[in-house]
> 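Right, I'll just put the structure down here and ask away after.
Chain letters run A, B, ... following the sequence lines, proteins first, then strands; residues in each count from 1. As the structure is a computational prediction, the values presented were derived from the model and not from experiment.
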There are 2 protein chains.
Amino acid sequence: MTYAVGMRLSRGLVFMSDTRTNAGVDNISTFKKMFSWNTPGERTITLLTAGNLATTQAVVSLLEERTKSPENRAPSILEAPTMFQVARIVSKALKEVIEVHSRGGQQADSAFHATLILGGQIKGGQSRLFLIYPEGNFIEAGDDTPFFQIGETKYGRPILVRAYDPNMSFAEAIKLLLVSFDSTIKANLGVGAPLDLQLYDEDSLEAGRKERFEAEDPYFKTISESWGGALKHALEQLPDFET
Amino acid sequence: MTYAVGMRLSRGLVFMSDTRTNAGVDNISTFKKMFSWNTPGERTITLLTAGNLATTQAVVSLLEERTKSPENRAPSILEAPTMFQVARIVSKALKEVIEVHSRGGQQADSAFHATLILGGQIKGGQSRLFLIYPEGNFIEAGDDTPFFQIGETKYGRPILVRAYDPNMSFAEAIKLLLVSFDSTIKANLGVGAPLDLQLYDEDSLEAGRKERFEAEDPYFKTISESWGGALKHALEQLPDFET
(Lines give C-alpha, C1' and ligand atoms only; values in the text may rest on other atoms or scores of the structure.)
Protein backbone atom coordinates (compact mmCIF):
# COMPACT_ATOMS: atom_id res chain seq x y z
CA MET A 1 0.00 0.00 0.00
CA THR A 2 0.93 3.65 -0.25
CA TYR A 3 -0.34 7.04 0.73
CA ALA A 4 0.70 10.14 -1.17
CA VAL A 5 -0.75 13.64 -1.58
CA GLY A 6 -0.05 16.45 -4.01
CA MET A 7 -1.50 19.81 -3.08
CA ARG A 8 -1.86 23.14 -4.88
CA LEU A 9 -1.57 26.25 -2.73
CA SER A 10 -1.52 29.86 -3.84
CA ARG A 11 2.16 29.99 -2.91
CA GLY A 12 3.14 26.80 -4.71
CA LEU A 13 2.96 23.02 -4.58
CA VAL A 14 3.39 20.60 -1.68
CA PHE A 15 4.03 16.88 -2.08
CA MET A 16 4.17 14.18 0.56
CA SER A 17 4.52 10.42 0.23
CA ASP A 18 5.15 7.47 2.50
CA THR A 19 7.83 4.87 1.78
CA ARG A 20 6.33 1.53 2.76
CA THR A 21 5.74 -1.18 0.21
CA ASN A 22 4.28 -4.54 1.01
CA ALA A 23 3.41 -7.82 -0.61
CA GLY A 24 1.39 -9.32 2.20
CA VAL A 25 1.93 -8.27 5.80
CA ASP A 26 5.06 -10.39 6.14
CA ASN A 27 6.99 -8.84 3.27
CA ILE A 28 7.40 -5.14 3.85
CA SER A 29 10.13 -2.86 2.53
CA THR A 30 11.03 0.79 2.29
CA PHE A 31 11.15 2.42 -1.13
CA LYS A 32 11.08 6.04 -2.18
CA LYS A 33 7.92 6.97 -4.06
CA MET A 34 8.79 10.61 -4.72
CA PHE A 35 10.96 11.62 -7.69
CA SER A 36 12.05 15.05 -8.84
CA TRP A 37 13.68 16.51 -11.93
CA ASN A 38 14.90 20.05 -12.08
CA THR A 39 16.57 22.41 -14.57
CA PRO A 40 17.19 25.49 -12.42
CA GLY A 41 15.50 28.60 -13.76
CA GLU A 42 13.66 26.59 -16.39
CA ARG A 43 11.56 23.77 -14.95
CA THR A 44 10.92 21.59 -11.95
CA ILE A 45 8.90 18.38 -11.99
CA THR A 46 7.84 16.07 -9.14
CA LEU A 47 6.26 12.63 -9.44
CA LEU A 48 4.55 10.59 -6.71
CA THR A 49 3.79 6.92 -7.31
CA ALA A 50 1.32 4.38 -5.95
CA GLY A 51 0.62 0.86 -7.08
CA ASN A 52 2.74 -1.99 -8.37
CA LEU A 53 6.35 -1.20 -7.46
CA ALA A 54 7.84 -2.92 -10.52
CA THR A 55 5.59 -0.77 -12.70
CA THR A 56 6.35 2.53 -10.99
CA GLN A 57 10.10 1.87 -10.88
CA ALA A 58 10.08 1.00 -14.60
CA VAL A 59 8.21 4.23 -15.39
CA VAL A 60 10.66 6.32 -13.39
CA SER A 61 13.67 4.55 -14.96
CA LEU A 62 12.27 5.14 -18.44
CA LEU A 63 11.75 8.84 -17.77
CA GLU A 64 15.14 9.06 -16.09
CA GLU A 65 17.05 7.41 -18.96
CA ARG A 66 15.49 9.74 -21.48
CA THR A 67 16.49 12.80 -19.48
CA LYS A 68 20.10 11.62 -19.50
CA SER A 69 20.50 11.16 -23.23
CA PRO A 70 17.54 12.94 -24.69
CA GLU A 71 19.00 12.96 -28.19
CA ASN A 72 18.46 9.18 -28.43
CA ARG A 73 15.36 8.75 -26.37
CA ALA A 74 12.94 11.51 -27.09
CA PRO A 75 10.51 12.56 -25.83
CA SER A 76 12.07 13.70 -22.56
CA ILE A 77 10.21 15.37 -19.74
CA LEU A 78 13.11 17.85 -19.58
CA GLU A 79 12.46 18.90 -23.19
CA ALA A 80 8.67 19.06 -23.27
CA PRO A 81 7.45 22.64 -23.71
CA THR A 82 4.54 22.52 -21.22
CA MET A 83 3.43 20.60 -18.14
CA PHE A 84 0.56 19.21 -20.21
CA GLN A 85 3.11 17.66 -22.57
CA VAL A 86 5.06 16.30 -19.58
CA ALA A 87 1.85 14.71 -18.30
CA ARG A 88 1.31 13.12 -21.73
CA ILE A 89 4.84 11.68 -21.78
CA VAL A 90 4.54 10.28 -18.24
CA SER A 91 1.09 8.82 -18.83
CA LYS A 92 2.22 7.22 -22.09
CA ALA A 93 5.20 5.65 -20.31
CA LEU A 94 2.89 4.32 -17.57
CA LYS A 95 0.44 2.84 -20.06
CA GLU A 96 3.24 1.17 -22.03
CA VAL A 97 4.87 -0.37 -18.97
CA ILE A 98 1.57 -1.81 -17.77
CA GLU A 99 0.84 -3.21 -21.23
CA VAL A 100 4.25 -4.84 -21.53
CA HIS A 101 4.05 -6.40 -18.06
CA SER A 102 0.49 -7.63 -18.58
CA ARG A 103 1.00 -9.17 -22.01
CA GLY A 104 1.79 -12.90 -22.11
CA GLY A 105 4.10 -14.23 -19.41
CA GLN A 106 2.92 -15.27 -15.99
CA GLN A 107 -0.13 -13.72 -14.49
CA ALA A 108 0.58 -12.04 -11.18
CA ASP A 109 -1.76 -12.32 -8.22
CA SER A 110 -2.01 -8.55 -8.08
CA ALA A 111 -2.53 -6.26 -11.05
CA PHE A 112 0.33 -4.30 -12.61
CA HIS A 113 -1.60 -1.10 -12.12
CA ALA A 114 -0.20 2.14 -10.78
CA THR A 115 -1.48 5.67 -10.25
CA LEU A 116 0.69 8.78 -10.29
CA ILE A 117 0.56 12.37 -9.11
CA LEU A 118 2.58 14.74 -11.29
CA GLY A 119 3.23 18.39 -10.49
CA GLY A 120 5.59 21.13 -11.46
CA GLN A 121 6.16 24.28 -13.43
CA ILE A 122 7.86 25.13 -16.71
CA LYS A 123 8.99 28.67 -17.54
CA GLY A 124 6.25 30.56 -19.37
CA GLY A 125 3.43 28.67 -17.65
CA GLN A 126 1.88 28.33 -14.21
CA SER A 127 2.50 25.40 -11.91
CA ARG A 128 0.14 22.50 -12.63
CA LEU A 129 -0.87 19.33 -10.81
CA PHE A 130 -2.11 16.13 -12.47
CA LEU A 131 -3.48 12.76 -11.43
CA ILE A 132 -2.49 10.05 -13.92
CA TYR A 133 -4.52 6.86 -14.14
CA PRO A 134 -3.19 3.40 -15.06
CA GLU A 135 -5.24 3.61 -18.27
CA GLY A 136 -2.88 6.37 -19.39
CA ASN A 137 -5.30 9.27 -19.14
CA PHE A 138 -5.15 12.03 -16.57
CA ILE A 139 -7.01 14.88 -14.88
CA GLU A 140 -5.78 18.23 -13.59
CA ALA A 141 -6.36 19.84 -10.21
CA GLY A 142 -8.40 23.04 -10.22
CA ASP A 143 -9.75 25.47 -7.67
CA ASP A 144 -12.62 23.12 -6.80
CA THR A 145 -10.38 20.09 -6.33
CA PRO A 146 -7.01 21.52 -5.36
CA PHE A 147 -5.34 18.34 -4.13
CA PHE A 148 -5.00 14.71 -5.18
CA GLN A 149 -4.49 11.62 -3.03
CA ILE A 150 -3.33 8.21 -4.22
CA GLY A 151 -3.08 4.84 -2.48
CA GLU A 152 -4.88 4.45 0.85
CA THR A 153 -6.79 7.71 0.60
CA LYS A 154 -9.78 7.31 2.90
CA TYR A 155 -8.50 7.60 6.47
CA GLY A 156 -6.62 10.83 5.78
CA ARG A 157 -9.25 12.49 3.63
CA PRO A 158 -11.72 14.04 6.13
CA ILE A 159 -9.08 16.30 7.70
CA LEU A 160 -7.83 17.43 4.27
CA VAL A 161 -11.34 18.23 3.08
CA ARG A 162 -12.11 20.19 6.24
CA ALA A 163 -8.88 22.05 6.88
CA TYR A 164 -7.38 22.71 3.44
CA ASP A 165 -7.14 26.39 2.59
CA PRO A 166 -5.45 27.57 -0.63
CA ASN A 167 -3.88 30.49 1.24
CA MET A 168 -2.27 28.43 3.98
CA SER A 169 1.48 28.68 4.51
CA PHE A 170 3.84 25.82 3.72
CA ALA A 171 4.30 25.32 7.47
CA GLU A 172 0.55 24.93 7.95
CA ALA A 173 0.28 22.62 4.95
CA ILE A 174 3.04 20.38 6.32
CA LYS A 175 1.23 20.19 9.64
CA LEU A 176 -2.04 19.32 7.90
CA LEU A 177 -0.37 16.64 5.78
CA LEU A 178 1.39 15.08 8.78
CA VAL A 179 -1.96 14.80 10.58
CA SER A 180 -3.52 13.21 7.49
CA PHE A 181 -0.60 10.77 7.16
CA ASP A 182 -0.59 9.99 10.86
CA SER A 183 -4.30 9.03 10.76
CA THR A 184 -3.55 6.73 7.84
CA ILE A 185 -0.45 5.16 9.38
CA LYS A 186 -2.40 4.43 12.57
CA ALA A 187 -5.08 2.59 10.56
CA ASN A 188 -3.25 0.78 7.75
CA LEU A 189 -0.06 -1.24 8.29
CA GLY A 190 0.70 -0.84 4.59
CA VAL A 191 1.45 2.86 5.05
CA GLY A 192 4.50 3.84 7.07
CA ALA A 193 7.26 6.33 7.82
CA PRO A 194 9.68 7.71 6.79
CA LEU A 195 7.63 10.33 4.97
CA ASP A 196 9.10 12.35 2.11
CA LEU A 197 8.22 16.01 1.67
CA GLN A 198 8.87 18.30 -1.29
CA LEU A 199 7.93 21.97 -1.47
CA TYR A 200 7.81 24.10 -4.58
CA ASP A 201 7.64 27.92 -4.45
CA GLU A 202 5.45 29.22 -7.28
CA ASP A 203 7.51 30.86 -10.05
CA SER A 204 10.83 30.01 -8.39
CA LEU A 205 11.64 27.36 -11.04
CA GLU A 206 14.06 25.93 -8.46
CA ALA A 207 13.73 22.65 -6.59
CA GLY A 208 12.25 23.66 -3.25
CA ARG A 209 12.93 22.35 0.20
CA LYS A 210 13.04 18.59 0.68
CA GLU A 211 12.58 16.88 3.99
CA ARG A 212 12.33 13.35 5.27
CA PHE A 213 10.33 12.66 8.44
CA GLU A 214 11.45 9.49 10.19
CA ALA A 215 9.04 7.82 12.60
CA GLU A 216 11.11 9.27 15.45
CA ASP A 217 11.28 12.78 13.98
CA PRO A 218 10.60 15.13 16.94
CA TYR A 219 8.16 17.33 15.01
CA PHE A 220 6.24 14.37 13.56
CA LYS A 221 6.07 12.78 17.01
CA THR A 222 4.78 16.03 18.52
CA ILE A 223 2.06 16.27 15.89
CA SER A 224 1.11 12.62 16.26
CA GLU A 225 0.96 12.75 20.04
CA SER A 226 -0.77 16.13 20.31
CA TRP A 227 -3.41 15.42 17.67
CA GLY A 228 -5.35 12.94 19.81
CA GLY A 229 -5.70 15.51 22.58
CA ALA A 230 -6.50 18.31 20.14
CA LEU A 231 -9.26 16.21 18.56
CA LYS A 232 -10.77 15.32 21.92
CA HIS A 233 -10.69 18.97 22.87
CA ALA A 234 -12.32 19.95 19.57
CA LEU A 235 -15.08 17.42 20.21
CA GLU A 236 -15.60 18.77 23.71
CA GLN A 237 -16.13 22.25 22.27
CA LEU A 238 -19.16 21.08 20.31
CA PRO A 239 -22.49 21.12 22.15
CA ASP A 240 -23.56 17.83 23.74
CA PHE A 241 -26.73 16.09 22.61
CA GLU A 242 -29.46 16.60 25.17
CA THR A 243 -30.46 13.14 26.34
CA MET B 1 -23.12 1.21 0.76
CA THR B 2 -23.72 1.53 4.47
CA TYR B 3 -22.06 2.84 7.57
CA ALA B 4 -22.97 1.48 10.98
CA VAL B 5 -21.25 1.41 14.37
CA GLY B 6 -21.88 -0.54 17.55
CA MET B 7 -20.05 0.71 20.63
CA ARG B 8 -19.53 -0.65 24.13
CA LEU B 9 -19.37 1.91 26.92
CA SER B 10 -19.16 1.31 30.63
CA ARG B 11 -22.75 2.60 30.92
CA GLY B 12 -24.15 0.47 28.10
CA LEU B 13 -24.31 0.08 24.34
CA VAL B 14 -24.72 2.65 21.58
CA PHE B 15 -25.74 1.80 18.03
CA MET B 16 -25.91 4.07 15.00
CA SER B 17 -26.64 3.24 11.36
CA ASP B 18 -27.33 5.16 8.18
CA THR B 19 -30.29 4.34 5.94
CA ARG B 20 -29.04 4.71 2.39
CA THR B 21 -28.91 1.76 0.04
CA ASN B 22 -27.73 1.97 -3.52
CA ALA B 23 -27.30 -0.18 -6.59
CA GLY B 24 -25.21 2.21 -8.63
CA VAL B 25 -25.35 5.95 -8.05
CA ASP B 26 -28.64 6.31 -9.94
CA ASN B 27 -30.63 3.86 -7.86
CA ILE B 28 -30.65 4.98 -4.25
CA SER B 29 -33.25 4.25 -1.61
CA THR B 30 -33.81 4.60 2.10
CA PHE B 31 -34.04 1.45 4.21
CA LYS B 32 -33.74 0.90 7.90
CA LYS B 33 -30.67 -1.12 8.85
CA MET B 34 -31.26 -1.20 12.61
CA PHE B 35 -33.56 -3.79 14.20
CA SER B 36 -34.44 -4.35 17.84
CA TRP B 37 -36.16 -7.04 19.85
CA ASN B 38 -37.07 -6.59 23.43
CA THR B 39 -38.70 -8.56 26.27
CA PRO B 40 -38.86 -5.95 29.04
CA GLY B 41 -37.02 -7.02 32.16
CA GLU B 42 -35.61 -10.05 30.43
CA ARG B 43 -33.65 -9.24 27.26
CA THR B 44 -32.95 -6.62 24.64
CA ILE B 45 -31.25 -7.30 21.31
CA THR B 46 -30.19 -4.91 18.55
CA LEU B 47 -28.95 -5.81 15.08
CA LEU B 48 -27.21 -3.55 12.53
CA THR B 49 -26.85 -4.73 8.95
CA ALA B 50 -24.52 -3.95 6.05
CA GLY B 51 -24.25 -5.62 2.67
CA ASN B 52 -26.72 -7.09 0.23
CA LEU B 53 -30.16 -5.76 1.17
CA ALA B 54 -32.05 -8.87 0.04
CA THR B 55 -29.80 -10.95 2.28
CA THR B 56 -30.11 -8.73 5.35
CA GLN B 57 -33.88 -8.35 5.00
CA ALA B 58 -34.25 -12.13 4.68
CA VAL B 59 -32.17 -12.65 7.81
CA VAL B 60 -34.23 -10.16 9.78
CA SER B 61 -37.51 -11.67 8.51
CA LEU B 62 -36.37 -15.14 9.47
CA LEU B 63 -35.44 -14.02 12.98
CA GLU B 64 -38.65 -12.03 13.24
CA GLU B 65 -40.93 -14.90 12.19
CA ARG B 66 -39.36 -17.21 14.71
CA THR B 67 -39.92 -14.74 17.54
CA LYS B 68 -43.62 -14.59 16.65
CA SER B 69 -44.37 -18.29 16.78
CA PRO B 70 -41.40 -19.79 18.56
CA GLU B 71 -43.17 -23.07 19.21
CA ASN B 72 -43.00 -23.86 15.48
CA ARG B 73 -39.80 -22.22 14.46
CA ALA B 74 -37.14 -22.73 17.06
CA PRO B 75 -34.53 -21.58 17.71
CA SER B 76 -35.71 -18.06 18.48
CA ILE B 77 -33.47 -15.23 19.59
CA LEU B 78 -36.12 -14.46 22.22
CA GLU B 79 -35.68 -17.94 23.71
CA ALA B 80 -31.91 -18.34 23.60
CA PRO B 81 -30.41 -18.41 27.10
CA THR B 82 -27.33 -16.25 26.39
CA MET B 83 -26.14 -13.56 23.97
CA PHE B 84 -23.59 -16.07 22.67
CA GLN B 85 -26.48 -18.37 21.68
CA VAL B 86 -28.28 -15.43 20.07
CA ALA B 87 -25.13 -14.69 18.04
CA ARG B 88 -25.03 -18.34 16.94
CA ILE B 89 -28.65 -18.24 15.81
CA VAL B 90 -28.19 -14.98 13.90
CA SER B 91 -24.95 -16.08 12.26
CA LYS B 92 -26.49 -19.40 11.26
CA ALA B 93 -29.44 -17.58 9.68
CA LEU B 94 -27.04 -15.30 7.80
CA LYS B 95 -24.95 -18.17 6.50
CA GLU B 96 -28.05 -20.08 5.38
CA VAL B 97 -29.56 -17.12 3.54
CA ILE B 98 -26.31 -16.45 1.68
CA GLU B 99 -26.03 -20.13 0.74
CA VAL B 100 -29.59 -20.32 -0.55
CA HIS B 101 -29.22 -17.13 -2.60
CA SER B 102 -25.86 -18.15 -4.03
CA ARG B 103 -26.80 -21.70 -5.00
CA GLY B 104 -27.94 -22.23 -8.60
CA GLY B 105 -30.15 -19.54 -10.10
CA GLN B 106 -28.82 -16.42 -11.74
CA GLN B 107 -25.50 -15.03 -10.71
CA ALA B 108 -25.76 -11.46 -9.44
CA ASP B 109 -23.22 -8.77 -10.30
CA SER B 110 -22.65 -8.16 -6.64
CA ALA B 111 -22.15 -10.81 -4.03
CA PHE B 112 -24.91 -11.82 -1.62
CA HIS B 113 -22.65 -11.08 1.32
CA ALA B 114 -23.63 -9.18 4.42
CA THR B 115 -21.98 -8.30 7.71
CA LEU B 116 -23.85 -7.71 10.96
CA ILE B 117 -23.30 -6.07 14.32
CA LEU B 118 -25.26 -7.69 17.13
CA GLY B 119 -25.50 -6.36 20.65
CA GLY B 120 -27.68 -6.70 23.69
CA GLN B 121 -28.11 -8.17 27.12
CA ILE B 122 -29.99 -11.12 28.56
CA LYS B 123 -30.86 -11.36 32.27
CA GLY B 124 -28.11 -13.13 34.15
CA GLY B 125 -25.34 -11.99 31.83
CA GLN B 126 -23.54 -8.80 30.88
CA SER B 127 -24.24 -6.85 27.72
CA ARG B 128 -22.23 -8.18 24.77
CA LEU B 129 -21.38 -6.92 21.31
CA PHE B 130 -20.59 -9.12 18.30
CA LEU B 131 -19.44 -8.67 14.71
CA ILE B 132 -20.89 -11.41 12.48
CA TYR B 133 -19.17 -12.26 9.21
CA PRO B 134 -20.88 -13.54 6.04
CA GLU B 135 -19.10 -16.85 6.54
CA GLY B 136 -21.27 -17.34 9.62
CA ASN B 137 -18.58 -16.94 12.25
CA PHE B 138 -18.26 -14.00 14.62
CA ILE B 139 -16.03 -12.12 17.02
CA GLU B 140 -16.84 -10.28 20.24
CA ALA B 141 -15.84 -6.78 21.30
CA GLY B 142 -13.51 -6.55 24.27
CA ASP B 143 -11.73 -3.84 26.20
CA ASP B 144 -9.02 -3.55 23.53
CA THR B 145 -11.47 -3.29 20.65
CA PRO B 146 -14.60 -1.83 22.20
CA PHE B 147 -16.46 -0.88 19.00
CA PHE B 148 -17.24 -2.39 15.62
CA GLN B 149 -17.84 -0.64 12.32
CA ILE B 150 -19.40 -2.17 9.21
CA GLY B 151 -19.80 -0.91 5.64
CA GLU B 152 -17.78 2.17 4.64
CA THR B 153 -15.62 2.20 7.75
CA LYS B 154 -12.49 4.14 6.79
CA TYR B 155 -13.44 7.82 6.67
CA GLY B 156 -15.06 7.76 10.07
CA ARG B 157 -12.48 5.61 11.81
CA PRO B 158 -9.70 8.05 12.82
CA ILE B 159 -11.97 10.15 15.03
CA LEU B 160 -13.39 7.04 16.72
CA VAL B 161 -9.91 5.67 17.40
CA ARG B 162 -8.72 8.96 18.82
CA ALA B 163 -11.71 10.14 20.82
CA TYR B 164 -13.42 6.98 22.08
CA ASP B 165 -13.39 6.65 25.83
CA PRO B 166 -15.20 3.80 27.60
CA ASN B 167 -16.34 6.18 30.32
CA MET B 168 -17.91 8.77 28.03
CA SER B 169 -21.56 9.67 28.52
CA PHE B 170 -24.24 8.72 26.00
CA ALA B 171 -24.45 12.41 25.00
CA GLU B 172 -20.71 12.47 24.24
CA ALA B 173 -20.91 9.17 22.39
CA ILE B 174 -23.74 10.47 20.21
CA LYS B 175 -21.69 13.57 19.39
CA LEU B 176 -18.66 11.42 18.52
CA LEU B 177 -20.73 9.13 16.32
CA LEU B 178 -22.38 12.03 14.50
CA VAL B 179 -18.94 13.46 13.68
CA SER B 180 -17.79 10.06 12.43
CA PHE B 181 -20.95 9.65 10.32
CA ASP B 182 -20.72 13.20 9.01
CA SER B 183 -17.14 12.63 7.77
CA THR B 184 -18.32 9.50 5.99
CA ILE B 185 -21.42 11.09 4.48
CA LYS B 186 -19.31 13.96 3.14
CA ALA B 187 -16.97 11.50 1.38
CA ASN B 188 -19.20 8.65 0.17
CA LEU B 189 -22.49 9.20 -1.65
CA GLY B 190 -23.52 5.67 -0.67
CA VAL B 191 -23.88 6.69 2.98
CA GLY B 192 -26.65 9.12 3.89
CA ALA B 193 -29.11 10.45 6.45
CA PRO B 194 -31.46 9.84 8.15
CA LEU B 195 -29.33 8.20 10.83
CA ASP B 196 -30.84 5.81 13.36
CA LEU B 197 -29.66 5.79 16.95
CA GLN B 198 -30.36 3.24 19.69
CA LEU B 199 -29.09 3.48 23.25
CA TYR B 200 -29.03 0.68 25.81
CA ASP B 201 -28.50 1.31 29.52
CA GLU B 202 -26.46 -1.50 31.06
CA ASP B 203 -28.57 -3.83 33.23
CA SER B 204 -31.81 -1.98 32.42
CA LEU B 205 -33.07 -4.87 30.26
CA GLU B 206 -35.38 -2.30 28.66
CA ALA B 207 -35.20 -0.93 25.12
CA GLY B 208 -33.35 2.34 25.51
CA ARG B 209 -33.87 5.64 23.78
CA LYS B 210 -34.31 5.60 20.02
CA GLU B 211 -33.72 8.60 17.84
CA ARG B 212 -33.71 9.36 14.15
CA PHE B 213 -31.52 12.19 12.87
CA GLU B 214 -32.77 13.60 9.57
CA ALA B 215 -30.33 15.53 7.38
CA GLU B 216 -32.02 18.74 8.57
CA ASP B 217 -31.97 17.78 12.26
CA PRO B 218 -30.86 20.95 14.10
CA TYR B 219 -28.37 19.13 16.35
CA PHE B 220 -26.86 17.11 13.49
CA LYS B 221 -26.56 20.29 11.41
CA THR B 222 -24.86 22.10 14.29
CA ILE B 223 -22.34 19.28 14.70
CA SER B 224 -21.71 19.06 10.97
CA GLU B 225 -21.24 22.79 10.54
CA SER B 226 -19.20 23.36 13.71
CA TRP B 227 -16.86 20.43 13.18
CA GLY B 228 -14.98 22.02 10.28
CA GLY B 229 -14.19 25.07 12.39
CA ALA B 230 -13.34 22.96 15.42
CA LEU B 231 -10.92 20.86 13.37
CA LYS B 232 -9.23 23.92 11.89
CA HIS B 233 -8.91 25.37 15.35
CA ALA B 234 -7.45 22.09 16.67
CA LEU B 235 -4.90 22.13 13.86
CA GLU B 236 -3.96 25.72 14.64
CA GLN B 237 -3.25 24.74 18.24
CA LEU B 238 -0.49 22.36 17.14
CA PRO B 239 2.97 23.89 16.65
CA ASP B 240 3.86 24.91 13.07
CA PHE B 241 6.73 23.26 11.27
CA GLU B 242 9.69 25.60 11.18
CA THR B 243 10.43 26.18 7.51
Side-chain angles (χ1 to χ4, degrees), chain A residues 11 14 149 152-165 168-180 182-188 197 199 201 208-209 211 213 217-220 222-243, chain B residues 11 14 149 152-165 168-180 182-188 197 199 201 208-209 211 213 217-220 222-243:
Chain A
R11 66 196 68 205
V14 185
Q149 303 169 282
E152 175 58 278
T153 61
K154 294 187 179 183
Y155 299 107
R157 187 169 180 80
I159 182 69
L160 290 184
V161 170
R162 296 284 200 167
Y164 169 88
D165 178 340
M168 70 204 312
S169 67
F170 281 145
E172 289 168 324
I174 292 168
K175 183 162 67 174
L176 171 59
L177 285 172
L178 287 180
V179 167
S180 175
D182 184 54
S183 297
T184 310
I185 288 170
K186 284 202 161 42
N188 187 327
L197 168 77
L199 303 177
D201 279 294
R209 178 167 181 169
E211 200 76 39
F213 295 93
D217 179 90
Y219 181 67
F220 182 41
T222 303
I223 293 296
S224 175
E225 287 164 11
S226 315
W227 184 239
L231 266 188
K232 280 194 183 185
H233 185 71
L235 206 61
E236 278 163 19
Q237 300 306 301
L238 300 187
D240 273 354
F241 181 68
E242 286 172 26
T243 47
Chain B
R11 66 196 67 204
V14 185
Q149 303 169 284
E152 175 60 277
T153 60
K154 294 186 179 184
Y155 299 107
R157 187 168 179 82
I159 183 67
L160 290 183
V161 170
R162 296 284 202 168
Y164 169 87
D165 178 340
M168 69 203 313
S169 68
F170 281 145
E172 289 168 325
I174 292 167
K175 183 162 70 173
L176 171 60
L177 285 171
L178 287 179
V179 167
S180 175
D182 184 54
S183 297
T184 310
I185 288 171
K186 283 204 161 40
N188 188 328
L197 168 76
L199 302 178
D201 278 293
R209 179 166 178 169
E211 199 76 39
F213 295 94
D217 179 90
Y219 181 67
F220 182 40
T222 302
I223 293 296
S224 175
E225 287 163 11
S226 316
W227 184 239
L231 265 188
K232 280 193 186 189
H233 184 71
L235 205 62
E236 278 163 19
Q237 301 305 303
L238 300 188
D240 275 353
F241 182 67
E242 287 173 25
T243 47

> For A:Trp227 and B:Leu238, work out which heavy atoms get closest and say how close.
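Looks like CE3-CD1, 3.6 Å.
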
> To the nearest 0.5 Å, what is the distance between CG (B:Leu176) and CD (A:Glu236)?
11.5 Å

> Could you look at B:Glu152 and say if it's the side chain, the backbone, both or neither that has a heavy atom under 4.5 Å from chain A?
side chain

> Report yes or no: does B:Tyr155 contribute a side-chain atom to a donor-acceptor pair with the main-chain N or O of A:Lys154 at less than 3.5 Å?
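Side chain of B:Tyr155 to backbone of A:Lys154: no pair is present.
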
> Hey, what do you get for CE (B:Met168) to CG (A:Asp240), rounding to the nearest 0.5 Å?
9.0 Å

> Would you name the heavy atoms of B:Thr222 and A:Pro239 that are closest together and state the gap between them?
CG2-CG, 3.8 Å

> Just by distance, do the side chain of A:Tyr219 and the backbone of B:Glu242 share a donor-acceptor pair under 3.5 Å?
no

> To the nearest 0.5 Å, what is the distance between CD1 (B:Ile159) and CG (A:Leu231)?
4.0 Å

> Of the non-hydrogen atoms in B:Ala234 and A:Ala230, which two are nearest, and what is the gap between them?
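Residues B:Ala234 and A:Ala230, closest heavy atoms: CB-O, 3.7 Å.
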
> Say whether, by atom type as modelled, one donor and one acceptor occur between the side chain of B:Lys186 and the main chain of A:Pro158 under 3.5 angstrom.
no

> Check whether B:Val161 gets within reach of chain A through its side chain, its backbone, both or neither, counting any heavy atom under 4.5 Å.
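For B:Val161, there is no contact with chain A at all, as no heavy atom is under 4.5 Å.
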
> So for B:Ser226, is it side chain, backbone, both, or neither that comes closer than 4.5 Å to the heavy atoms of chain A?
both

> Less than 4.5 Å to any heavy atom of chain A: does that hold for the side chain of B:Leu178, its backbone, both, or neither?
neither

> Using the ring centroid of each side chain, check whether B:Phe220 and A:Phe241 are separated by less than 6.0 Å.
no

